[in-house]
Amino acid sequence: MRIYKSVAEMQAACREVRRGGKRLGLVPTMGALHAGHLSLVRAARASCDVVAATIFVNPLQFGPNEDLAKYPRTWEKDVAALEAERVDLLFAPSPEEMYPPGATTYVIVEGLSEKLDGKSRPGHFRGVTTVVAKLFEIVRPEVAFFGQKDAAQVAVIRKMVDDLNVDIRIQVCPIVREPDGLAMSSRHSYLDVNQRKQALVLHRALMRIQFEVDRGQGLSARLIETGKGVIAEVPEVKIDYLEIVDPDTLDPVSDVSKGALVAVAAYLGTTRLIDNIVVGRQSSVVSDANR
Ligand code: AMP
């Protein structure tokens with residue numbers, strides 16, 4: 001695996017790959033890698049000739065009171081994991097390399113960026129779309145891989161790609177969970193043993209909603225009430241949002257018959273956790289099937 005810290009070197013390496021007619025895949029991450037990230041790498045390895053991963057804790061997507069400084073950084077372990085998955089190129093720039101003094105250009109997907117996580121994390125998606133647009137320009141992959149774990153992020157990035165005619169296919173990979181159902185997250189390292197158990201209530205709430213849908217309940221209001229009831233059983237878990245929305249527009253839907261995203265975010269102490277399921281249609285992923 002070749003590791004690059006400068007934009008110019010990464011750009012040159014990727015240009016070389018494309019010139020050779022090779023299919024290039026991109027997996028953007030913030031590091032602290034777990035099996036969820038590695039599932040994206042494996043999907044890339046399975047369908048691309050050359051796999052590029054990035055590790056960049058993007059300051060632009062963190063709010064002033066968020067966990068940028070304490071975000072877990074496990075560089076050596078990450079490099080070993082990516083080597084083991086046969087990643088070819090790793091791009092790990094410094095914040096100054098990505099945002100040199102005087103950089104003033106941002107990519108903003110209006111509307112969508114203020115929904116779900118964007119509502120409680122103002123500026124978050126502006127940070128995401130700006131860094132992803134830059135990574136897309138630096139790497140210019142044929143395919144980029146993202147996790148369904150961040151379902152709102154997927155909607156925002158798809159919209160950016162559509163609106164800006166970006167010639168990159170977005171492939172979304174299913175959520176990888178711990179054996180007990182908890183959606184894997186780098187932020188779990190913040191949780192103590194008790195909180196780790198309490199966090200599972202998010203998955204329980206989603207499973208209960210799935211159960212109700214399977215039994216014929218289609219009304220979002222009722223399903224949300226049920227889910228909130230489950231989460232209320234663990235008072236330490238404070239709901240940020242529990243919403244049932246259209247997976248593309250992120251607008252609330254009143255019933256789930258046409259397929260809907262059930263998305264939840266909650267705080268456990270200062271740790272913010274998210275999870276989601278897709279109900280009312282076959283796939284657990286907001287799939288590429290119709291795209
Ligand atoms: P992050 O490092 O948190 O920015 O995540 C990098 C990529 O990995 C994003 O596309 C995430 O959606 C994806 N990802 C994170 N956790 C999981 C998971 N548990 N299952 C699948 N994909 C994930």
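Remember, it's 1-based here, ligands and their atoms both numbered in the order they're listed.
Those atoms of ligand 1 that come under 4.0 Å of a heavy atom in Leu40, given as number and element, are 7 (C), 8 (O), 10 (O), 13 (C). Within ligand 1, counting atoms from 1 as listed, the ones closer than 4.0 Å to a heavy atom of Thr29 are 2 (O), 6 (C). Under a 4.0 Å criterion applied to the non-hydrogen atoms of Asp150, ligand 1 contributes the atoms 11 (C), 12 (O). Interface of Phe146 with ligand 1, defined as ligand atoms under 4.0 Å from a residue heavy atom, comprises 10 (O). Close contacts of ligand 1 with Ile175, meaning ligand atoms under 4.0 Å from a residue heavy atom, involve 20 (N), 21 (C).
With a 4.0 Å heavy-atom cut-off, ligand 1 is reached by no atom of Arg177. Proximity of Pro174 to ligand 1, defined as any heavy-atom pair under 4.0 Å, is confined to the backbone N, CA, C and O atoms. Counting heavy atoms closer than 4.0 Å to ligand 1, residue Pro28 contributes backbone atoms (N, CA, C, O) but none from C-beta onward. Contacts between Val27 and ligand 1 below 4.0 angstrom, taking non-hydrogen atoms only, are absent altogether.
Between Val176 and ligand 1, a contact under 3.5 Å exists for at least one N or O pair. Note: no N/O pair closer than 3.5 Å links Phe145 and ligand 1 by distance alone. Ligand 1 has an N or O atom lying under 3.5 Å from an N or O atom of Met184, backbone or side chain.
Remark: minimum distance from atom 10 (O) of ligand 1 to any protein heavy atom is reached at Gly147 N, 2.9 Å. His34 CE1, 3.9 Å is the protein heavy atom nearest to atom 15 (C) of ligand 1. Closest to atom 23 (C) of ligand 1 among all protein heavy atoms lies Lys149 CB, 3.9 Å. When only non-hydrogen protein atoms are considered, atom 4 (O) of ligand 1 lies nearest to Met30 CG, 3.5 Å. The shortest contact between atom 1 (P) of ligand 1 and any protein heavy atom is with His37 NE2, 3.6 Å.
Between Asp251 and Lys115 a salt bridge is recorded (basic side-chain N to carboxylate O distance below 4.0 Å). A salt bridge links Glu16 to Arg19: at least one charged side-chain nitrogen sits closer than 4.0 Å to a carboxylate oxygen. Ion pairing between Lys197 and Asp180 fails under the 4.0 Å rule for side-chain N and carboxylate O. Note on Glu66 versus Arg121: salt bridge recorded, some NZ/NE/NH1/NH2 to OD/OE distance being below 4.0 Å. Taking 4.0 Å as the cut-off between side-chain N and carboxylate O, Arg215 and Glu212 count as a salt-bridged pair.
For Lys159, the NZ atom counts as loosely surrounded, since its 6.0 Å shell holds 12 or fewer non-hydrogen atoms of other residues, nucleotides or ligands. Within a 6.0 Å radius of CG in Asp167, no more than 12 heavy atoms belonging to other residues, nucleotides or ligands are found.
Between the side chains of Tyr71 and Asn58, no donor-acceptor pair of N or O atoms lies under 3.5 Å.
Looking at Arg45, its side chain does come within 3.5 Å of a backbone N or O of Arg86 through a donor-acceptor pair.
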